There are 2 protein chains.
Amino acid sequence: MRDVARVVGKSPMTVSRALRGDTTVSAKTRALVRQNADEMGYVYDSTAHVFRTQKSGFVAVTVPSINNANFAETFRGLSDGLEGTGMQLLLGSTNYSVDKELEVVRQLLARNPEAIVLTGGTHLPQTRRLLEKAQIPVIEIWDLASDPLGHVVGFSNADAMSKIVHDLAENGRRKLAFIGASEGSDMRGSARREGVIAAAQSLGLPEVRVIDAGFAPVSMRHGMRAVQKLGQAIKQLDALVCVSDPVAFGALNECRRMGINIPQDLAITGFGNFEVATVSSPSITTVNVHANQIGRKVANVLQDIFAGQIDAQWIDVGSTLVRGETV
Amino acid sequence: MRDVARVVGKSPMTVSRALRGDTTVSAKTRALVRQNADEMGYVYDSTAHVFRTQKSGFVAVTVPSINNANFAETFRGLSDGLEGTGMQLLLGSTNYSVDKELEVVRQLLARNPEAIVLTGGTHLPQTRRLLEKAQIPVIEIWDLASDPLGHVVGFSNADAMSKIVHDLAENGRRKLAFIGASEGSDMRGSARREGVIAAAQSLGLPEVRVIDAGFAPVSMRHGMRAVQKLGQAIKQLDALVCVSDPVAFGALNECRRMGINIPQDLAITGFGNFEVATVSSPSITTVNVHANQIGRKVANVLQDIFAGQIDAQWIDVGSTLVRGETV
DNA sequence: CGGTAACATGTTATCGGTAACTAAATTGGC
DNA sequence: GCCAATTTAGTTACCGATAACATGTTACCG
């Protein structure tokens with residue numbers, strides 16, 4: 001910039017202004033500066049710009065796992081909704097661990113994001129402190145955080161699970177088992193478990209049997225193994241309520257191998273309305289949590305924030321029961 | 001850093017060194033600094049670091065879709081392999097479009113990445129020009145690019161498909177159909193299609209019927225629809241060779257609905273060794289392309305590059321046939 | 001033609017680390 | 001116990017753009 005200034009016979013400041021199209025620089029000077037900068041092959045140093053203005057043009061996003069169709073869908077909705085704003089998404093994966101989350105948040109914050117989006121509403125105290133200290137907008141998504149750090153866009157896991165349990169009860173299923181990740185390894189999963197237990201209780205159903213499918217992330221093979229683990233005890237159950245569709249699908253296939261008829265002998269439900277729920281035969285009863293819409297709403301919230309609106313938003317996108325052939 | 005220095009009673013320079021693990025700072029001081037920095041919730045400003053050292057600490061990565069277990073797995077392998085190097089991954093999604101790729105590459109390059117990793121070996125001429133002009137290492141992955149821009153880590157789609165076709169032929173299947181995305185919408189898919197056709201030809205099999213499953217990304221429902229589209233014509237086939245496991249799974253379920261016995265009446269194969277291939281019953285014959293390993297190898301290549309090694313590497317990670325119950 | 005508003009440009013300090021250099025403290029050999 | 005070698009820590013000057021403020025220049029009024 002100094003070099004360009006020297007050639008043009010102006011100060012670096014004028015060059016800076018001219019290149020940014022500041023109208024306080026005369027049109028003539030602006031054109032002159034632009035032309036010379038071009039001719040000299042001057043390349044604007046965005047790193048210095050970021051450093052000086054403390055605006056990175058980044059929005060940081062944490063997800064438990066990028067290898068999950070629903071989180072990926074949210075990410076895409078967010079990405080699409082932010083197109084044209086010049087904001088870029090910086091992604092960090094927490095592997096369903098609050099400890100990893102701390103580390104990831106630290107790394108992300110080091111890049112000076114202009115806002116941070118966290119999947120999930122449970123964090124280490126240290127993480128919370130970091131975020132508060134960072135003085136940037138925080139959006140917690142997917143869960144309806146009980147003690148939000150800022151904005152919230154999500155749905156109630158308990159509410160969604162209640163829909164499932166009601167549907168099961170209406171179909172005469174009483175003895176339920178819940179298949180989910182080990183306690184402590186997936187907060188969202190725990191919320192779903194509690195939701196099932198609470199709903200069953202309020203409907204006067206017998207106690208829900210909880211089956212541990214291993215550490216998060218749990219997927220198809222975990223559903224399969226959980227059913228294997230149950231063995232013949234499965235005969236005493238009316239329904240398997242699974243923490244996600246992939247788990248339900250794994251369970252479904254293992255049941256089939258064991259000669260159990262679905263849904264005659266046993267109902268199975270999933271969560272998340274993954275593609276596999278629809279395509280599977282029988283198709284799996286599940287809950288659509290509008291993953292893409294969450295991303296879009298977050299994009300809207302961010303645009304509001306950047307436009308100067310600051311009061312914390314709290315958005316419940318709700319959930320919808322999707323009836324399949326497994327109930 | 002100044003604040004931490006004041007608390008610890010040292011100079012900012014010492015803090016800087018301590019946090020970077022410089023051994024010219026005594027172990028005692030280092031521990032002290034680290035602890036206080038933690039307690040104070042100090043966040044390292046990598047923007048300033050980037051600015052001062054003129055190194056962005058970014059590696060840019062493009063993928064066709066993050067909502068794909070295999071690409072996600074590669075990304076994770078890369079991410080894991082780069083842990084501890086301080087490099088961060090900047091992700092851009094191209095939606096299987098070379099036009100979108102151009103745009104994404106442009107955006108990524110504006111952040112001054114120190115290297116760029118491209119999934120796929122086919123690009124617009126304009127994209128190639130941009131990349132050449134950027135003067136940074138380029139790594140093309142997944143395909144073995146015919147005219148590489150730099151380094152290559154991938155496998156041969158033709159080779160992988162040939163393994164599948166040979167396995168089918170050995171089991172007496174002769175009349176094959178290939179289900180994949182519309183021509184031009186997925187280069188990797190096209191390479192697989194050509195691979196099937198070539199392998200069938202070299203084995204003296206009848207001409208392969210090509211079934212268009214719609215625009216990429218194609219998934220379970222596309223496999224389902226492709227089979228619906230085939231209708232009764234499917235009775236004349238011996239095998240459905242699908243461009244990916246999800247497509248194969250969709251096709252498999254639709255066949256089941258139509259009362260076709262798999263594998264007695266018809267063989268079905270997938271690609272990619274997705275979880276669904278194993279869990280499905282019957283399990284699907286597929287090819288493992290070592291997605292995670294690709295990511296790891298890329299991480300190694302990057303480390304070599306940053307260590308100063310510059311000659312272009314060309315790594316074929318190969319592929320492995322995984323026999324399932326659908327052949 | 002003096003004076004001020006409106007416009008155009010310049011000056012200075014700074015964002016937060018860190019390379020290169022300098023200086024102090026400690027160690028160890030004799 | 002002394003001095004050189006080694007270890008540890010501090011100083012200074014940046015990286016390049018730009019916000020905030022200061023100054024210079026022109027336009028236009030009565």
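Scope of the values below: all heavy atoms of this structure, side chains included, with no hydrogens, waters or symmetry mates. Each chain gets a letter, A, B and so on, in the order the sequences are listed, and its residues count up from 1. Because the structure is predicted, anything quoted here is derived from the model rather than measured.
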query = Starting at the 5' end of DNA chain D and moving along, which residue's nearest nucleotide shows up first, A/S16 or B/A27?
reply = B/A27
inquiry  = If you compare every side-chain N and O of B/Y42 against the phosphate oxygens of C/dG16 (OP1, OP2), does one of them come in below 4.0 Å?
reply    = no
Set of ring pair (Phe, Tyr, Trp, His ring centres under 6.0 Å) partners for A/Y42, sequence neighbours left out = none
remark   = Of A/R20 and B/T24, the one whose nearest nucleotide on DNA chain D sits closer to the 5' end is B/T24
Report, one line per pair, each donor and acceptor closer than 3.5 Å where one atom sits in a side chain of residues 30-37 of chain A; sequence neighbours left out.
from, atom 1, to, atom 2, distance (Å)
A/R30, NE, A/V25, O, 3.2
A/R30, NH2, A/V25, O, 3.4
A/R34, NH2, A/A18, O, 3.4
A/Q35, NE2, A/E39, OE2, 2.9

key: Side chains of A/K55 and A/E114 in contact at under 4.5 Å (non-hydrogen atoms)   = yes
query = Could you give all pairs that pass the ring pair (Phe, Tyr, Trp, His ring centres under 6.0 Å) test and reach residues 65-119 of chain A, with sequence neighbours left out?
reply = A/F71-A/W142
inquiry  = By the 4.0 Å heavy-atom rule, please label B/S46 as base, sugar-phosphate, or nothing.
reply    = nothing
ask   = Rounded to the nearest Å, what distance is computed from the CG atom of residue A/D22 to the C1' atom of nucleotide C/dA6?
value = 15 Å
ask   = Judged by atom type as modelled, is there a donor-acceptor pair below 3.5 Å linking the side chain of B/Q303 to the main-chain atoms of B/G81?
value = yes
key: Helical bend (five base pairs per end, nearest 10°) for the helix from C/dC1-D/dG30 to C/dC30-D/dG1   = 40°
Separation of atom NZ in B/K55 from atom P in C/dT18, rounded to whole Å = 13 Å
message = Any heavy-atom pair between the side chains of A/N67 and B/R76 that's under 4.5 Å?
response = yes
task = May I ask you to decide if A/A145's main-chain N or O and A/D143's side chain share a donor-acceptor pair within less than 3.5 Å?
result = no
query = Taking 5' to 3' order, which nucleotide of DNA chain D is first and which is last to have an atom within less than 4.0 Å of a heavy atom in chain B?
reply = D/dT8 to D/dG16
ask   = If only side-chain N and O atoms of B/H49 are considered, is one of them under 4.0 Å from the OP1 or OP2 phosphate oxygen of C/dG16?
value = no
What N/O pairs connect the protein and nucleotides 11-15 of chain C at under 3.5 Å? Give each pair on its own line.
from, atom 1, to, atom 2, distance (Å)
C/dT14, O2, A/R52, NH1, 2.7
C/dC15, O3', A/Q54, NE2, 3.1

Option passing side-chain contact (heavy atoms from CB on, under 4.5 Å) with A/R106 (candidates A/L102, A/L109, A/V104, A/L108) = A/L102
ask   = How about B/Q309 and B/D311: do any of their side-chain heavy atoms sit closer than 4.5 Å?
value = yes
query = Applying the side-chain contact (heavy atoms from CB on, under 4.5 Å) test to A/S79, which of A/L91, A/T74, A/L89 qualifies?
reply = A/L89
query = Does some side-chain heavy atom of B/S93 sit less than 4.5 Å from a side-chain heavy atom of B/T62?
reply = no
inquiry  = Under 4.0 Å, counting only non-hydrogen atoms across every strand here, what does A/T47 touch: a base, just sugar-phosphate, or nothing?
reply    = nothing
